[in-house]
Amino acid sequence: MEIRRILVVDDEENMCHMLSMVLGRAGYQVDYALNGMEALDFLNKFPVDVVLCDVRMPEMDGMAFLEAMKEKELDTLVIMMSAFGTIDTAVEAMKKGAYDYISKPFKPDEVLLALKKAEERQRLKRENLYLLKNVQDRYSFANIVGKSRKMQELFAIVEKVADYKTTVLITGPSGTGKEMIARAIHFRGVRASKPMVVVNCGGIPDNLLESELFGHVKGAFTDAIKSKKGLFLEADGGTLFLDEVGEMPLPLQVKLLRALQEGEIRPVGENRTIKVDVRIIAATTKNLVEAVENGTFREDLYYRLNVIHLEIPPLSERPEDIPLLIEHFIAKHNKRLGMEIKGISGKAMKTLQSYSWPGNVRQLENVIERAMVMSCGDVLELEDFPEEVTRPKSSGAVYGLPEKLYSIKEATRWLEKELIIKALKKTGGNRTKAAKLLDISHPALLYKMRDYGIGGMKPRNDSNG
Ligand SMILES: Nc1ncnc2c1ncn2[C@@H]1O[C@H](COP(=O)(O)OP(=O)(O)OP(=O)(O)O)[C@@H](O)[C@H]1O
Ligand SMILES: [Mg+2]
């Protein structure tokens with residue numbers, strides 16, 4: 001980054017003039033504001049690379065200015081200028097997001113040096129990021145493996161959203177890597193140096209979840225012998241990962257929504273609210289659209305969480321990822337177990353690729369690890385895998401099909417109906433999308449729905465022939 005435009009904020013006009021002169025002579029474009037409000041106004045209208053801001057000013061002081069910037073999500077670098085006696089405040093300001101500080105009085109050189117230093121640090125930061133990106137494998141992203149189009153698309157979105165405070169909702173069946181993706185978003189973003197706090201909304205009793213999230217003051221309830229900082233505050237400046245958010249009880253959903261909208265929380269038993277700066281990533285295995293329809297999940301919260309939606313497909317929908325994942329897990333567990341497994345036989349690979357993986361990637365990893373321990377040679381063979389995985393699927397029985405049904409015509413109707421219901425479920429009742437999934441025309445779908453009595457329409461009475 002090259003620093004070119006600077007805004008000086010100081011209530012002493014002399015200081016502003018002096019800095020304008022010194023910095024202008026060094027080739028910077030300098031503007032100044034005599035107070036925080038004026039400065040914010042300026043930042044809203046013009047691009048600025050660095051703000052040089054006095055700590056002590058009447059009305060809006062340096063700290064309040066920093067906070068206002070944060071609120072407006074302005075990410076211009078701020079360097080504080082602090083007179084003797086306000087150094088502590090300057091350090092405090094750095095904790096609040098200021099980039100650096102210089103102490104007054106200073107020589108012109110010191111300001112120029114601080115600016116050069118900032119420029120250098122920004123450059124290094126960017127180069128490091130660049131190097132890091134280059135060493136990563138083409139198909140691996142923060143240890144998340146996937147070459148399927150869907151996974152590659154997900155990685156691209158993760159990369160894009162990482163640096164912003166946007167709320168992300170991650171959905172997908174169990175074991176597909178939701179938490180991994182959440183971590184990637186956190187650790188690739190600007191919040192990486194701040195904590196990522198994980199809370200499993202389904203794993204904490206309803207009555208404790210509120211104080212767990214928002215904290216409580218001493219005496220707020222019988223067991224509250226001392227006050228407790230909630231997870232929101234623990235995650236301040238970083239990310240709060242709300243796992244299984246679909247399990248959150250309704251009353252708490254209201255409070256969560258308020259926290260997201262206002263950017264502030266209220267600990268249990270406390271009257272005041274506290275400002276927090278937390279990025280929310282939520283995950284769920286539940287279909288939240290359905291949950292909204294059933295009234296178990298608030299619609300307004302759903303929209304608030306669903307700003308960016310990442311849907312991780314089940315493993316069975318991306319078999320092309322399986323060989324890569326297997327290779328990845330073999331390497332991972334070779335290292336961990338001190339083994340030297342070289343690979344997997346073609347026959348075993350084929351079998352694993354055609355298995356349905358109800359437990360998704362987690363199950364695949366467990367199965368590989370187990371096979372590695374079981375194996376006698378340095379190549380994993382079909383025999384090293386558990387029967388549930390290697391047993392061929394079709395034993396003649398079709399899952400769910402009435403046992404006495406042999407008529408191809410009837411069985412086809414049965415299957416059609418099942419598929420239509422499944423497609424409608426998947427698309428939340430959207431018929432246009434369902435027709436696409438089913439690979440039939442929209443009118444054909446409507447006709448069949450009427451025929452099978454799906455979707456609240458009256459069934460036709462001739463289904464028995
Ligand atoms: N694409 C992937 N590449 C490498 N490892 C993966 C990938 N996806 C999942 N895993 C592994 O699978 C396991 C499960 O991942 P994770 O815990 O992120 O899943 P999840 O979707 O949060 O599951 P659940 O809904 O059960 O909580 C982890 O051990 C992780 O290492
Ligand atoms: Mg999880």
Side-chain angles (χ1 to χ4, degrees), residues 135-159 161-162 168-188 196-204 209 231 235 239-248 280-288 290-291 297 305-306 308-337 341 343-344 349 352-353 355-373 389:
V135 293
Q136 255 146 9
D137 271 346
R138 237 177 98 204
Y139 294 134
S140 153
F141 179 86
N143 268 327
I144 313 176
V145 177
K147 70 181 275 200
S148 55
R149 200 172 54 93
K150 203 64 205 278
M151 291 307 283
Q152 290 283 313
E153 278 170 12
L154 283 179
F155 298 164
I157 300 175
V158 166
E159 189 97 69
V161 299
V168 180
L169 177 66
I170 309 173
T171 57
S174 178
T176 45
K178 293 186 292 299
E179 185 161 346
M180 275 197 110
I181 291 279
R183 288 188 188 280
I185 294 173
H186 175 75
F187 285 106
R188 292 181 86 87
M196 164 158 160
V197 175
V198 179
V199 52
N200 182 345
C201 305
I204 300 171
L209 191 54
L231 296 176
T239 304
L240 183 61
F241 178 49
L242 298 171
D243 205 0
E244 295 303 346
V245 75
E247 304 300 321
M248 187 176 275
I280 300 287
I281 304 180
T284 179
T285 47
K286 259 195 185 164
N287 181 339
L288 286 187
E290 246 169 51
F297 203 82
L305 293 176
N306 193 25
I308 303 281
H309 183 186
L310 301 179
E311 190 180 7
I312 313 185
L315 188 55
S316 57
E317 282 178 20
R318 44 185 170 107
E320 65 271 41
D321 285 346
I322 290 177
L324 272 170
L325 283 165
I326 290 177
E327 199 180 301
H328 172 77
F329 292 137
I330 290 179
K332 176 175 165 185
H333 294 293
N334 267 341
K335 212 166 172 191
R336 202 175 61 82
L337 302 168
I341 301 288
I344 176 170
M349 177 68 91
L352 296 193
Q353 263 191 296
Y355 178 62
S356 60
W357 300 109
N360 294 296
V361 186
R362 180 184 290 116
Q363 186 190 8
L364 175 63
E365 177 165 11
N366 290 341
V367 163
I368 292 294
E369 188 185 349
R370 179 181 175 278
M372 287 173 73
V373 175
V389 173

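First listed ligand is number 1; within each ligand, the first listed atom is number 1.
K178 places a side-chain N or O within 3.5 Å of a backbone atom of G172 that can act as its donor or acceptor partner. Under the 3.5 Å distance criterion, the side-chain polar atoms of Q152 are matched with a main-chain donor or acceptor of G146.
Between H328 and ligand 1, not a single N/O pair is under 3.5 Å apart. In terms of N/O distances under 3.5 Å, ligand 1 is not approached by V361. Here's the thing with I144: none of its N/O atoms is less than 3.5 angstrom from an N/O atom of ligand 1. The shortest N or O to N or O distance between E179 and ligand 1 is under 3.5 Å. Considering backbone and side-chain atoms together, G177 places an N or O closer than 3.5 Å to an N or O of ligand 1. Annotation: F329 places no N or O atom under 3.5 Å from an N or O atom of ligand 1; distance criterion only. Backbone and side-chain nitrogen or oxygen atoms of R362 are examined, and one is located within less than 3.5 angstrom of a nitrogen or oxygen of ligand 1. Close N/O approach between K178 and ligand 1 is found [any backbone or side-chain N/O within under 3.5 Å].
For the pair T171 and T285, the minimum side-chain heavy-atom distance is 4.5 Å or more. A 4.5 Å side-chain heavy-atom check between T239 and I185 finds every atom pair outside the cut-off.
Looking at L325 against ligand 1, only its side chain comes within 4.0 Å, counting heavy atoms.
Nearest to atom 30 (C) of ligand 1 among the protein's heavy atoms is M180 SD, 3.6 Å. Nearest protein neighbour of atom 26 (O) of ligand 1, counting heavy atoms only, is S174 OG, 2.6 Å. In this structure, the protein non-hydrogen atom closest to atom 23 (O) of ligand 1 is G175 N, 2.9 Å. Protein heavy atom closest to atom 28 (C) of ligand 1, with residue, atom name and distance, is E365 OE1, 4.1 Å.
For the atom pair NZ of K332 and CG of N143, the computed distance is 7.5 Å after rounding to the nearest 0.5 Å. Interatomic distance, I330 CD1 to I344 CD1, rounded to the nearest 0.5 Å: 6.0 Å.
Taking a cut-off of under 4.0 Å to the non-hydrogen atoms of V145, the atoms of ligand 1 that pass are 1 (N), 2 (C), 3 (N), 4 (C). Counting the atoms of ligand 1 from 1 in the order shown, those under 4.0 Å from a heavy atom of T285 are 25 (O). Each of the atoms 3 (N), 4 (C) of ligand 1 lies under 4.0 Å from some heavy atom of N143.
Enclosure of atom CD in E327 is not indicated, since only 12 or fewer non-hydrogen atoms of other residues, nucleotides or ligands lie within 6.0 angstrom.
Between the side chains of H333 and R336, a donor-acceptor pair is found at a separation under 3.5 Å. With no hydrogens or angles considered, no side-chain donor-acceptor pair links N360 and T176 at under 3.5 Å.
Taking the six-membered ring where the residue is Trp, W357 and Y355 present perpendicular rings, their angle passing 60° and hence far from 30°.
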